[in-house]
Amino acid sequence: MIITHLSAECYPIAKVGGLADVLGALPKYQNELGATSQVVMPFYKNKYTQSHCFEAVYNDTILLGETDYDFRILKLKDHENDLGFDIFFVDVPELLYTDFVYTTDDTERFLAFQIAALDWIAQGDVIPDVIHCHDHHTGLVPFMMQESFRYSMLRKVPVAFTIHNAQYQGWFSHDLVYLIPEFKFSHVGLLDWNHSINPLAAAIKCSWIVTTVSPNYMDELKLSANGLESLLSDEHAKCIGILNGIDTEVWNTETDPLIIENFTQDTIESGKLKNKEWLCKEFNLDINRPLFAFIGRLVEQKGADLFPKIFSESLFGNDISILLLGSGEKHTENDLINLKEKFPDKYNAYIGYDEKLSHIIYAGADFLLMPSRVEPCGLNQMYALRYGTIPIVNNVGGLKDTVEDLYDGGFGICHNGVTVSEVCEAIERASEFYDSDIFKQTRAEVMSIDHSWHASAQSYLNVYNSLNPFL
Ligand SMILES: Nc1ncnc2c1ncn2[C@@H]1O[C@H](COP(=O)(O)OP(=O)(O)O[C@H]2O[C@H](CO)[C@@H](O)[C@H](O)[C@H]2O)[C@@H](O)[C@H]1O
């Protein structure tokens with residue numbers, strides 16, 4: 001079975017968030033199960049693309065509205081590829097070769113990506129058995145495969161679509177409809193949602209199957225999906241939730257080259273201590289206090305707007321330390337920077353993106369905070385568990401599917417709702433747990449919870465098979 005994934009991100013080539021982690025792992029695990037799974041993504045200007053070798057496998061021109069753009073399909077050279085899957089890049093130098101994955105003007109960029117990818121796939125000798133699109137940046141692919149005259153040869157190819165985050169939908173004005181390769185205009189309604197062209201909505205309408213990244217998020221979307229609730233309810237028969245996994249080769253405390261000291265379940269205490277020591281030294285925190293951490297995008301979805309208040313209150317009332325790694329909304333970043341002055345030896349923040357630091361924090365922290373208002377799956381809590389760090393989570397989405405509260409015989413701390421008092425109370429519970437007899441035993445035990453991709457990669461293969469039993 002040949003599966004072609006289309007995505008804007010893929011780890012380790014270009015990562016903004018969890019989408020990249022999924023694309024960097026799922027194809028590898030699918031290949032281990034006997035499939036031929038590959039990724040197609042844009043060619044950005046970054047450290048990875050500038051330090052690796054690529055070969056051009058296709059050259060052509062796309063027409064975007066009235067403008068021609070030359071493009072190439074590049075393949076990462078085999079001898080440089082240790083990803084576990086083939087990866088192809090759509091190189092449209094004028095639009096996609098930018099320093100950042102996302103910019104303020106992404107409509108044309110990602111349309112160019114989708115059209116060039118489909119042009120290349122459509123002319124190929126080997127048409128994939130399944131095309132699997134991820135998030136709104138690839139949301140017009142299912143529509144174009146079904147409706148654009150140019151791609152009529154792809155009409156019978158099953159197309160799966162995964163919603164990693166329904167908050168972002170890629171809306172643009174109908175004035176730009178001329179950018180989409182020609183289709184029967186009476187079908188324009190398939191692109192529309194509330195008087196805009198909505199790539200996420202179009203993908204839900206036109207894909208053969210729609211998946212989300214946890215079962216619970218699938219249920220939640222019917223009630224809250226940033227305006228798409230009724231569409232998801234109407235289309236529920238082709239919707240299914242499959243829990244994300246994590247790449248247990250990358251996220252392995254025994255071999256992780258990014259952490260200060262490697263450790264196993266047997267050496268967890270000394271291993272975590274060495275990583276915590278490094279963090280405390282680097283960020284001027286007291287090693288004897290329980291260390292609470294947050295890693296992620298500083299946006300409302302993650303509860304970040306409340307962090308200044310939550311942190312102030314918790315640090316004032318408890319003998320704890322808090323360390324934050326993240327970037328996002330500027331006013332939140334500023335508030336979080338200013339807070340350092342108030343609690344110089346109990347709190348610190350690194351505003352920015354740092355993969356290595358994130359690994360050390362998962363390894364060295366005692367607790368990981370995830371007060372997300374919405375969390376389609378969440379990978380951080382699974383990385384935390386694997387690194388012996390207890391997650392403190394709001395009971396939503398994939399967090400509900402993966403974290404069981406201590407009160408229910410589980411191993412984590414769950415709260416219901418994202419308010420300052422709910423989260424502060426959860427932090428207090430965690431501090432008490434830190435001092436209890438079972439804390440060390442629990443954190444060693446959680447390391448062996450299996451969240452690897454094995455089961456979920458198979459679930460995706462089963463889904464593809466259900467679309468075409470002859471695969
Ligand atoms: N400043 C920083 N420095 C270093 N690393 C950082 C970082 N900020 C974030 N990260 C890393 O980015 C990833 C974030 O993954 P998540 O799945 O938690 O969130 P995200 O909201 O991006 O993903 C969306 O897609 C994924 C994948 O489906 C869903 O799990 C999730 O719920 C959904 O919101 C983790 O690997 C984390 O360590």
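Numbering of ligands and ligand atoms starts at 1, following listing order.
Protein heavy atom closest to atom 33 (C) of ligand 1, with residue, atom name and distance, is His164 O, 3.4 Å. For atom 21 (O) of ligand 1, the closest heavy atom belonging to the protein is Arg297 NH2, 2.6 Å. Summary of contacts: the protein heavy atom closest to atom 16 (P) of ligand 1 is Asn380 OD1, 3.7 Å. Scanning all protein heavy atoms for the shortest distance to atom 32 (O) of ligand 1 gives Glu375 OE2, 2.5 Å. Among protein heavy atoms, the minimum distance from atom 9 (C) of ligand 1 is reached at Gly296 CA, 3.6 Å. Given atom 2 (C) of ligand 1, the protein heavy atom at minimum distance is Tyr353 CD1, 3.4 Å.
Residue contact check for ligand 1: Tyr383 places a non-hydrogen atom closer than 4.0 Å to it. Contact annotation: Tyr362 has at least one heavy atom less than 4.0 Å from an atom of ligand 1. Ligand 1 lies within reach of Gly326, whose nearest heavy atom is under 4.0 Å from it. Judged by the shortest distance from any of its heavy atoms, Gln381 lies outside the 4.0 Å radius around the atoms of ligand 1. Within the 4.0 Å heavy-atom cutoff, Ala20 does not count among the residues contacting ligand 1.
Between Glu355 and ligand 1, no N or O atom pair is found at a separation short of 3.5 Å. The shortest N or O to N or O distance between Val22 and ligand 1 is not under 3.5 Å.
Side chains of Ile121 and Pro128 form a contact here, defined as non-hydrogen atoms less than 4.5 Å apart.
Using a 4.0 Å cut-off to heavy atoms of Gly378, the atoms of ligand 1 that qualify are 17 (O), 18 (O), 29 (C), 30 (O), 31 (C), 32 (O). The atoms of ligand 1 that sit less than 4.0 Å from any heavy atom of Leu379 are 16 (P), 17 (O), 18 (O), 30 (O).
No hydrogens or angles considered: nothing links the side chains of Asn46 and Gln50 as a donor-acceptor pair under 3.5 Å.
The residue from Ile427, Leu306, Leu369 that alone fulfils the side chain to side chain contact (heavy atoms under 4.5 Å, CB included) condition with Phe311 is Leu369.
Only the side chain of Ser358 comes within 4.0 Å of ligand 1, counting heavy atoms alone; its backbone N, CA, C and O stay farther away. Heavy atoms of Thr162 found under 4.0 angstrom from ligand 1: none, in either backbone or side chain.
In this structure, Tyr383 has its ring center no closer than 6.0 Å to that of His451.
Around OH of Tyr353, the count of heavy atoms belonging to other residues, nucleotides or ligands within 6.0 Å exceeds 12.
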